[in-house]
Amino acid sequence: MQKLHFSIFINAPREKVWNTMLDDATYRIWTTPFCPGSFYEGSWEQGSEIKFFGPDETGKVTDGMYSKIAENRLHEFVSIAHLGMIKNGEVVTTGEEIEKWVGAHENYTFVDKDGGTEVSVDLDITDEYKDAFTEMWNKALVILKELAEK
């Protein structure tokens, strides 16, 4: 597992950027580079379970990531701890494929900067997904910026 870091300056207040990143309607838009139709079920509250989904090539939604919000400091920081996967609609927390991801974190940091907000994303990733996630995160953050600056 290795760490990836991304950041982008968004010319909008921290609260607006936070809401744009985490609210359901806009989450579905900026996460399109990962998987068109991506969405989540659950809550961003600290300690809450949250499930991330994306439809497969047929449009069927049965697979995703099973996670927990490890930390949430409103408009400042969110840490997602990945606990397992969702396969065919069922939460799976054991097995070789799952063990690669268990304990991985995805952290979002929001900092006031130059009248706007610096958003940083730090995540744990396996070697096999590094290049793909680098490309996807770079595209996703540009979309987030466009949405929040409207």
Side-chain angles (χ1 to χ4, degrees), residues 1-8 10 12-57 59-112 117-145 147-148:
M1 188 86 50
Q2 58 183 288
K3 302 222 181 267
L4 290 181
H5 173 81
F6 306 94
S7 66
I8 193 165
I10 299 176
R14 230 179 341 148
E15 182 176 342
K16 183 175 184 189
V17 176
W18 171 280
N19 291 337
T20 302
M21 191 168 199
L22 304 183
D23 284 354
D24 179 61
T26 44
Y27 177 90
R28 291 172 184 256
I29 298 168
W30 75 261
T31 57
T32 298
F34 300 102
C35 178
S38 293
F39 67 98
Y40 65 85
E41 291 179 352
S43 168
W44 293 99
E45 290 181 37
Q46 186 166 319
S48 296
E49 290 182 357
I50 191 165
K51 298 174 183 175
F52 299 95
F53 293 97
D56 66 17
E57 54 280 343
K60 189 175 178 184
V61 179
T62 60
D63 295 348
M65 294 293 294
Y66 171 67
S67 306
K68 181 178 181 178
I69 303 303
E71 188 172 347
N72 180 327
R73 295 191 312 268
L74 187 63
H75 305 143
E76 292 179 12
F77 180 76
V78 174
S79 179
I80 305 163
H82 296 299
L83 306 175
M85 299 182 98
I86 301 160
K87 294 286 187 184
N88 298 317
E90 299 293 323
V91 172
V92 180
T93 57
T94 59
E96 186 177 330
E97 183 180 0
I98 307 307
E99 289 171 11
K100 294 178 190 177
W101 287 101
V102 171
H105 281 77
E106 192 169 315
N107 299 322
Y108 308 152
T109 305
F110 305 79
V111 176
D112 291 329
T117 305
E118 184 79 27
V119 177
S120 297
V121 177
D122 295 285
L123 60 125
D124 300 315
I125 194 82
T126 60
D127 290 341
E128 64 188 296
Y129 292 108
K130 179 185 175 193
D131 292 340
F133 269 73
T134 296
E135 182 178 340
M136 290 184 282
W137 267 108
N138 286 324
K139 289 178 181 178
L141 288 175
V142 169
I143 296 169
L144 177 66
K145 177 181 174 70
L147 290 170

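Because the structure is a prediction, the values reported are computed rather than measured.
Put simply, the side chain of T20 gets close to the backbone of K16: a donor and an acceptor are under 3.5 Å apart. W44 contributes no side-chain N or O that, together with a main-chain N or O of I69, makes up a donor-acceptor pair within less than 3.5 Å. D63 contributes a side-chain N or O that, together with a main-chain N or O of N88, makes up a donor-acceptor pair within less than 3.5 Å.
Here the closest heavy-atom approach between residue A70 and residue Q46 is recorded as O-CG, 3.6 Å. Between W30 and P33, the shortest heavy-atom distance links the atoms O-CD, 3.2 Å. Nearest heavy-atom pair, I98 versus G84, reported as atom, atom and distance to 0.1 Å: CG2-CA, 3.8 Å. Nearest approach of D124 to K3, heavy atoms of both residues: OD1-NZ, 2.6 Å. Taking every heavy atom of both residues into account, S7 and L141 meet most closely at N-CD1, 4.4 Å. Between D112 and R14, the shortest heavy-atom distance links the atoms OD1-NE, 3.1 Å.
Between Y66 and K51 the shortest side-chain heavy-atom distance falls below 4.5 Å. At a threshold of 4.5 Å between non-hydrogen side-chain atoms, the residues K130 and L4 count as touching. In this structure, the side chains of M1 and T126 come closer than 4.5 Å at one or more pairs of heavy atoms. With a 4.5 Å cut-off on side-chain heavy atoms, E76 and T109 do not count as touching.
Residues passing the ring pair (Phe, Tyr, Trp, His ring centres under 6.0 Å) test with F133, sequence neighbours excluded: none.
Expressed to the nearest 0.5 Å, how far CZ of F6 lies from CG of D122 amounts to 9.5 Å. How far OH of Y40 is from CZ of F52: 8.5 Å, rounded to the nearest 0.5 Å. Note that the CG atom of L147 and the CD1 atom of I10 stand 9.0 Å from one another [nearest 0.5 Å]. Note that the NZ atom of K68 and the CD1 atom of I50 stand 13.0 Å from one another [nearest 0.5 Å]. Of the inter-residue distances, the one linking E41 atom CD with I86 atom CD1 reads 7.5 Å to the nearest 0.5 angstrom. To the nearest 0.5 Å, atoms OG1 (T134) and OH (Y129) are separated by 14.0 Å.
Classified by interplanar angle (parallel below 30°, tilted 30° to 60°, perpendicular above 60°), the ring pair W137/F34 is perpendicular.
Paired with R28 under the rule side-chain hydrogen bond (donor to acceptor under 3.5 Å, both in side chains), one option of T26, D24, T31 passes, and it is D24.
The ring pair (Phe, Tyr, Trp, His ring centres under 6.0 Å) pairs that include a residue from residues 69-96 are W18-H75, where partners are two or more places apart or lie in different chains.
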Exercise. Between M21 and V121, does a side-chain contact (heavy atoms from CB on, under 4.5 Å) hold up when you go through it step by step?
Worked result: CA-CA 12 Å; M21 191 168 199; V121 177; 4.3 Å; yes
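For the residue pair N72/E45, the side-chain donor-acceptor check at 3.5 Å is not satisfied.
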